[in-house]
Amino acid sequence: MPFQISKAVIPAAGLGTRFLPATKAMPKEMLPVVDKPAIQYVVEEAVAAGLTDVLMITGRNKNALENHFDRNGELEATLTRKGDTDKLDKVNFSTNLADMHYVRQGDPLGLGHAVLRAKMHVGREPFAVLLGDDIIDERDVLLSRMIEVQGQRNASVVALLEVDPEQAHLYGVATVEATEEEDVVRITGLVEKPAPGTAPSNLAVIGRYVLKPEVFDVLEKTAPGKGGEIQLTDALETMAIAPDWTGGVYGVVFRGRRYDTGDRLDYIKAIIQLAVDRDDLGPDLTPWLKDFAAKLD
Ligand code: G1P
């Protein structure tokens, strides 16, 4: 029986400068995507894949994250008094979603550094990392497949998405070999945000990882890379080329729906895509949207 993974790590210490001034006093992870903060989609995805222990790597100005996943007595009392059980359920849902833990990153030294802050909490077990900028459609399977592949291969696993070659420089990009499974590739190299036109493939790492604890040993020795930051991609490249003691790295190629909320344009698109699909909003929004689009130049 493979080890039952239960821990998810969610780095959420970024300053969110792309969304200023909205993020001056509020974490970017709390920006609503339709009517739910972006971070709640990510925690819900972890829980749906069986991960009940969530560690968030936070920083200054992130108190709203802890409050969102905690009780709000005043709100609960008011809604109870009014008998508004619908809204009360919404309030209580995020409170009871997972067993939440928090650690601060301290210095903003990069994604690799943020993940290394999870070392004490995670211990020597495989664990998942979910980046808050990516939302995976709940109707499509990704994380549970990655957990399955991690167990079968006893390796670390990253999520890969085929992107337009012109977009590859925005991601970690993988060099891969096919395996006997159509959706699984063996990773032989990884490069963080290659200069435009130099990407080794169009397979981009999207923000889901299922990692062996050896990643901590590697991260401790990983020098700052792209942007002067300690890069998770660099640590995974080291693991990919040293499979003897790290177990190597595999990729699960995702072909489902992914919404990027990392910059303003993608964030607006994500809200529209998700709202159109919602039973409570789609039927009214869709005809309006068609009409609006038809009137655009
Ligand atoms: C991070 C990773 C990058 C990955 C991306 C996915 O970059 O460093 O390898 O492709 O997430 O969203 P960021 O977008 O945080 O700069």
Side-chain angles (χ1 to χ4, degrees), residues 7-33 37-43 46 53-69 100-122 127-135 156 158-159 169-173 190-195 204-209 211 213-239 260-267:
K7 289 177 183 161
V9 173
I10 304 183
L15 296 177
T17 52
R18 281 184 275 192
F19 286 90
L20 282 170
T23 49
K24 184 180 173 191
M26 182 184 80
K28 71 165 176 175
E29 293 80 7
M30 288 302 294
L31 287 170
V33 177
I39 193 75
Q40 189 175 326
Y41 289 85
V42 180
V43 175
D53 177 311
V54 174
L55 175 70
M56 270 189 205
I57 317 293
T58 68
R60 295 175 61 78
N61 245 339
K62 300 284 182 170
N63 294 345
L65 291 176
E66 295 190 33
N67 291 339
H68 183 70
F69 294 100
M100 304 297 298
H101 306 268
Y102 303 88
V103 62
R104 286 195 179 202
Q105 186 175 0
D107 299 319
L109 300 178
L111 178 59
H113 177 255
V115 171
L116 187 52
R117 298 288 291 127
K119 179 181 170 178
M120 289 297 283
H121 182 83
V122 168
F127 64 104
V129 175
L130 294 88
L131 304 189
D133 285 348
D134 290 303
I135 294 178
S156 293
V158 302
H169 68 282
L170 300 171
Y171 298 91
V173 180
L190 277 167
V191 49
E192 177 68 6
K193 305 201 177 99
V205 177
I206 50 170
R208 299 293 180 271
Y209 309 78
L211 303 175
E214 282 77 3
V215 72
F216 297 128
D217 310 326
V218 176
L219 280 169
E220 278 170 340
K221 297 194 192 82
T222 300
K226 193 94 191 173
E229 296 188 339
I230 298 172
Q231 297 291 351
L232 181 59
T233 304
D234 293 345
L236 292 170
E237 149 93 0
T238 303
M239 294 173 82
D260 187 350
T261 62
D263 70 35
R264 291 172 305 165
L265 182 61
D266 288 329
Y267 170 73

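Under the side-chain contact (heavy atoms from CB on, under 4.5 Å) rule, P37 has a single partner from K28, E29, H68, which is H68. Test L219, I57, I230 against L116 for side-chain contact (heavy atoms from CB on, under 4.5 Å) and you get one pass: L219. Checking each of L55, V103, V9 against R117 for a side-chain contact (heavy atoms from CB on, under 4.5 Å) leaves exactly one that passes, namely V103.
Remark: side-chain polar atoms of E192 are not paired, donor with acceptor, to backbone N or O of D234 under 3.5 angstrom. Judged purely by atom type and a 3.5 angstrom limit, R208 has no side-chain atom pairing as donor or acceptor with the backbone of V129. Side chain of D107 to main chain of L109: no donor-acceptor pair is present (N/O by atom type, distance under 3.5 Å, no hydrogens or angles). At distances below 3.5 Å, at least one donor-acceptor pair connects side-chain atoms of D134 with backbone N or O atoms of G207. K62 contributes a side-chain N or O that, together with a main-chain N or O of A12, makes up a donor-acceptor pair within less than 3.5 Å. Looking only at distances, no side-chain donor or acceptor of T58 sits under 3.5 Å from a matching main-chain atom of A13. No donor-acceptor pair closer than 3.5 Å links the side chain of K7 to the backbone N or O of F127.
Considering every non-hydrogen atom in both L170 and K193, the closest pair reads O-CE, 3.3 Å. Scanning both residues, Y171 and P194, for their nearest heavy atoms gives O-CD, 3.5 Å. The two residues A235 and V215 make their nearest non-hydrogen contact at CB-CG2, 4.5 Å. Listed here is the closest heavy atom pair of L65 and Y102: O-OH, 3.8 Å. Residues H169 and A195 come closest through the heavy atom pair CB-C, 4.4 Å. Smallest separation of non-hydrogen atoms from P32 and Y267: O-OH, 2.5 Å.
From H113, atom NE2 reaches atom CD of E220 across 11.0 Å, with rounding to the nearest 0.5 Å. For the atom pair OG1 of T238 and CD of E214, the computed distance is 13.5 Å after rounding to the nearest 0.5 Å. If you take NZ on K221 and CG on D217, they are separated by 6.0 Å, rounding to the nearest 0.5 Å. Annotation: the span from R18 atom CZ to D133 atom CG amounts to 6.5 Å, rounded to 0.5 Å. Taking CG of L15 as the reference point, atom CZ of R60 lies at 10.5 Å (rounded to 0.5 Å). To the nearest 0.5 Å, atom CD1 of residue I10 and atom CD1 of residue I39 are 5.0 Å apart.
Residues L211 and L236 have side chains in contact (heavy-atom distance under 4.5 Å, counting atoms from C-beta outward). Inter-residue side-chain proximity for V115 and Y209 is flagged as unmet; no heavy-atom pair is nearer than 4.5 Å. At least one side-chain heavy atom of H101 sits less than 4.5 Å from a side-chain heavy atom of D53. The side-chain heavy atoms of P11 and L111, taken from C-beta on, include a pair separated by under 4.5 Å.
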Exercise for the section: Test V191 against E237 for side-chain contact (heavy atoms from CB on, under 4.5 Å), laying out the working first. Expected result: CA-CA 7 Å; V191 49; E237 149 93 0; over 6 Å; no
Practice task
Could you please spell out the steps behind the side-chain contact (heavy atoms from CB on, under 4.5 Å) verdict for V33 and T261?
Solution key: CA-CA 8 Å; V33 177; T261 62; 4.0 Å; yes
Practice task
Just do the side-chain contact (heavy atoms from CB on, under 4.5 Å) check on T23 and T17 with the steps written out, would you?
Solution key: CA-CA 7 Å; T23 49; T17 52; over 6 Å; no
Practice task
Kindly determine whether M100 and M56 satisfy side-chain contact (heavy atoms from CB on, under 4.5 Å), including the steps that lead there.
Solution key: CA-CA 8 Å; M100 304 297 298; M56 270 189 205; 3.5 Å; yes
